[in-house]
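Naming: A, B, ... by sequence-line order, numbering from 1 per chain. Note that the structure is predicted; figures quoted are calculated from it, not measured. Side chains included, hydrogens not; waters and symmetry mates left out as well; all remaining heavy atoms used.
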Amino acid sequence: MNVFKGFRRQLLALLDGMVAAGELPAGLDTARVTVEPPREASHGDMSTNAAMVLAAQAATTPRELAPRLARRLETVPGVTAAAVAGPGFVNLSFAPAFWQAQVAAVLRAGTAYGAGTLGAGRPVNVEYVSANPTGPLHAAHARGAVVGDALANLLEKAGFTVSREYYINDAGSQVETLARSAFLRYREALGEEIGEIPAGLYPGDYLKAVGQALAERDGGRWRDQPESVWLPAIRDFAVDRMMAGIREDLALLGIGITVFSSERALVAAGAVQAAFEELSARGLVYQGVLDPPKGKKPDDWEPRPQTLFRATAFGDDVDRPLRKSDGSWTYFANDIAYHLDKFRRGFTVLIDVLGADHGGYVKRMQAATSAITGGEATLDVKICQLVHLMDQGRPVKMSKRAGTFVTLRDVLDEVGRDVVRFIMLTRRNDQTLEFDFARVTEQSKDNPVFYVQYCHARCRSVLRHAAQDLPAAALTAEALAGAPLHRLAGVEEMALIRILAGWPRLVEAAAEAHEAHRVAFYLHDLASAFHTLWNKGKDDTTLRFLSADDPELTLARLALVQAVAMVVASGLAVIGVEPVEEMRS
RNA sequence: GCGCCCGUAGCUCAACUGGAUAGAGCAUCUGACUACGGAUCAGAAGGCUGGGAGUUCGAAUCUCUCCGGGCGCGCCA
C-alpha cells in the first residue's frame, strides 16, 4: 500500500475531528490536500500542505492554522514530530519502526509489492506500434512499442484491466503499393528480368521472399492477369506475410499485444458507415469548403465542397474531411470508426502511442473521440519523439533508398531485448532520445541498464553467500519478514527503506500520468541508494550485510537486501526486463 | 504563415501535474577501493529554468508575448 495515501486518510480523519470540535468550519474542501515526501530529506519523512490549502476556507492564515494542525498530528501513533516550516507546510517525522515495517511489507508481498487498487479493474485501451504492414519494423518503431507495452504493464500493476492493441492499416493506398511491389518480385521469382524498381514502389529486398513464396504457392497464375484481378489477392498475401514478420519481431522484443484490428475488416463490416451515421445523427457532419492551407501553396488546390466533421466544435483548428473525392472514406474516418469500436467494446479510457510525425493528428482524433462517444471517452495520445541511432557518438547513417535503414531485428541482434526496452524508457516520450550502440552495452555506471541490473545481481550475490555461510538459517522472504528489523537504523539503510516504501506511490503517480519512464528513473535512484550502502561497507566493515558475530543484524540486513531485489525485479517487470542473477563478463 | 511538442548546470536529462534552498548522471577538479562480485563510492565546483510581462501565499510547471529547435499542415496513412 501507499504509505503517503494511507497517512492522508488519517490526516483527513483528524481534520474531521477538528471540525467536530469546532476548530474548523464544516464543509471543508480537502481535495487539494496532499501528503508527500518532502523534497529535502532533512525536512522529515512526510509533508502536508493542508494548512495552506485550508487556511482561506477557515478564514485564517496558513501560519496560524499550521501549528494547531501540527499539535494534533503529533498525537498520531508513529509520528515523532510535526513541525511547521516555510509558508505553512507541516513536516512530519516517523519512528524508525514505521519505516522498518515497510521492509516486512515488501517481503510479504514479493514482486506484487506496489501493485495498486487505483485502477479498480477499470478497462483501459492502449494502442501502440500500429506500423503500416508494408515492411519490417525498423529501429524507430521500437520506441513506441516499448513505451506502449511498458505503459500497459504499469497500468495493469496499478489495477487497471488493459487491452493491448495494434491497428493494422491494411486498407489504404500504401498496401496497394505493397501489392504492386510484391507483384514485381513475384515476376522476378518466375524468372523475369525486372531491372530497377520503379519510383513509387517499395525497393526493399525483404519483398523478394514474398514474391518467391507467392510463386511457389500460385505458380504463374497471376502473371498475365490485369491488376484488378491480382491486386486484392497479392495484397492480402503480402500483408499477411508482413504482419507475420512484424509479430515475430514484436515477440522477440517481448511486446504483449493481444488484439490486432484490421482496418480493412472494420470497413468491410460497415463500421465506418456506422460511425459516420453516429456523427451525422449528432449533427456534426456537413458539406463545406475549407480554406486553403496558409503559407503552404499546393499548386493543384481548388475550392471543393467536401464531407466534413465539425472538429472545431471540439477544440480542433479546422473541420476535417471524412470522404475523399472518389467517395471513399479518408484514413481519419476509418480511424474514428476504430476508436468508436474501442468505446463500444467498453473502453472509456483510450491511449494511443504514436510517432512524432503524427503530432498534427492528435487534436482531430481527440475531437472525434469526444464527439462520437458523447464525451464519455477520453483519448490520451503519447507522441514518441525521434530516436537518434548513434555508434560511439557518431550518427548511424540511414537511408531507405540506399537500403541501409536499421531494422528492429538488427538492433535486437546487436544489443538484446533488455537493453532496448530499458533504454527506450530513459527519456520522456516527448523528448528525442539518443541510442548509442556502444554506450548502451558498456558495463559502467554511465549505462543505466547495467547500473540497475548490477544492483539486482549484487543483492542476489549477497543472498547466495548468506545461504552458504548460514546453512541453518531460514532465509526465505517469509522468514526474513520476521527478522529483527529494528536493527536497520543506519542513515543509509533508512534512506534505502524510504525509497523502497515510495514504490507503491510511484506506481500510482506514473500510472495516473501515463508515464512509464518514471519507473526507469525510480530504479536508477533505488540502485544508487543501494550502491551507496554497499560501498559504505567497503570503508566500514561494520556496515557489511553479512556480519559473522551478529546473526540478528545479519538477518535484518538480509531482509533489506531481499526487499531491494524484489522491488528492483518488480520495477524491471513493468519495463519488461528480466532481472539477472549475476553479471556475465 | 498556422498548429502541436520542446527549450532546465559545459553535455545528456529529472523534478511526484502549483510547493520549501530546481535535482541526478556524464565531463572537470579532490579523495577512497589488495575486493560479501572489478566494472564503484565520497566530496567540490557548476543555474536569472531561452528573454520579458501576468495570475497568487508560492511558478520550471498555468496565461500572454517575443527568441530558438523539432514535427505536421485539404481528398497520404
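The separation between A:F450 atom CZ and B:rG25 atom C1' is 15 Å, rounded to whole Å. Protein atom CD of A:E176 is 11 Å distant from nucleotide atom P of B:rC76, rounded to whole Å. As a whole-Å value, the separation of A:W329 CH2 from B:rA77 P is 14 Å. Following rounding to the nearest Å, A:K324 (NZ) and B:rG74 (P) show an atom-to-atom distance of 15 Å. One can place OH of A:Y454 at 11 Å from C1' of B:rC36, the figure rounded to the nearest angstrom. Separating the NE2 atom of A:H465 from the C1' atom of B:rC36 is a distance of 5 Å, rounded to the nearest angstrom. Atom pair A:R364:CZ and B:rA77:C1' shows a separation of 11 Å (rounding to whole Å applied). One interatomic measurement links the two molecules: OH of A:Y361 to P of B:rC5, which rounds to 18 Å at whole-angstrom precision.
Under a 3.5 Å cut-off, the side chain of A:K382 and the backbone N or O of A:V147 do not form any donor-acceptor pair.
With a glycosidic angle further than 90° from 0, B:rU65 counts as anti.
Scanning for salt bridge (charged side-chain N to carboxylate O under 4.0 Å, His left out) contacts around A:R557 gives A:E493, with sequence neighbours left out. For A:R498, the salt bridge (charged side-chain N to carboxylate O under 4.0 Å, His left out) partners are A:D45, not counting sequence neighbours. Residues passing the salt bridge (charged side-chain N to carboxylate O under 4.0 Å, His left out) test with A:D469, sequence neighbours excluded: none. Not counting sequence neighbours, A:S461 has no partner by the side chain to side chain donor-acceptor pair (under 3.5 Å) test. Shown here are the side chain to side chain donor-acceptor pair (under 3.5 Å) partners of A:R428, two or more places apart in sequence or in another chain: A:D430. By the side chain to side chain donor-acceptor pair (under 3.5 Å) test, A:D352 is found to be paired with A:H339, A:K342, residues two or more places apart in sequence or in another chain being considered. Residues meeting the side chain to side chain donor-acceptor pair (under 3.5 Å) test with A:D326, sequence neighbours left out: A:S328.
B:rU49 and B:rU30 have their P atoms separated by 31 Å, with the value rounded to a whole Å. Taking atom C1' in both B:rG52 and B:rC11, one finds a spacing of 28 Å when rounded to whole Å. Between B:rC33 and B:rU40, the two C1' atoms lie 8 Å apart (nearest whole Å). Here, B:rC48 and B:rA60 have their P atoms 13 Å apart, quoted to the whole Å. Across B:rU28 and B:rU17, the matching C1' atoms stand 35 Å from one another, rounded to whole Å. B:rG47 and B:rC5: their P atoms are spaced 30 Å apart (whole Å). With both ends at atom P, the span from B:rA77 to B:rG10 equals 47 Å, rounded to whole Å. Taking atom C1' in both B:rG23 and B:rA15, the straight-line distance is 7 Å, to the nearest Å.
Looking at which nucleotide of RNA chain B each of A:Q306 and A:L543 is closest to, the 5′-most match is held by A:L543.
Identified under the side chain to side chain donor-acceptor pair (under 3.5 Å) test for residues 50-61 of chain A, with sequence neighbours left out: A:T60-A:E64. Residue pairs meeting the salt bridge (Lys or Arg N to Asp or Glu O under 4.0 Å) criterion with at least one member in residues 307-316 of chain A, sequence neighbours excluded: A:D316-A:R320.
A side-chain donor-acceptor contact under 3.5 Å links A:Y338 and A:E165. Counting only N and O atoms by type, the side chains of A:N91 and A:S93 include no donor and acceptor under 3.5 Å apart.
A:F332 comes within 4.0 angstrom of no nucleic acid atom, judged by non-hydrogen atoms across all strands. Using a 4.0 Å heavy-atom distance criterion, A:A466 is classed as making no nucleic acid contact. Counting any heavy atom pair closer than 4.0 Å across all strands shown, A:I383 reaches no nucleic acid atom. Residue A:E581 is in base contact, counting any heavy-atom pair closer than 4.0 Å across all strands shown. Among the heavy atoms of the strands lying under 4.0 Å from A:S173 are primed sugar atoms or P, OP1, OP2 only; no base atom is included.
Secondary structure note: stems in RNA chain B built from 3 or more consecutive Watson-Crick or G-U wobble pairs under 3.5 Å occupy B:1-5 with B:69-73, B:10-13 with B:23-26, B:28-32 with B:40-44, B:50-54 with B:62-66.
Set against B:rA39, B:rG3, B:rC36, the side chain of A:V462 has B:rC36 as its closest nucleotide.
Using a 30° and 60° split on the angle between ring planes, A:W329 and A:F276 fall in the tilted class, from 30° to 60°.
For the segment residues 351-359 of chain A, the set of residues with a heavy atom within less than 4.0 Å of an atom of RNA chain B comprises A:A356, A:D357, A:H358, in numerical order.
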Under 4.0 Å protein heavy-atom contact, by nucleotide of nucleotides 12-21 of chain B - B base, S sugar-phosphate only:
SSSSBB-BB-
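One finds a side-chain N or O of A:T532 lying less than 4.0 angstrom from the OP1 or OP2 phosphate oxygen of B:rA42. Close to B:rC36, at under 4.0 Å from its OP1 or OP2, lies a side-chain N or O of A:R544.
Around atom CZ of A:R464, more than 12 heavy atoms belonging to other residues, nucleotides or ligands sit under 6.0 Å away.
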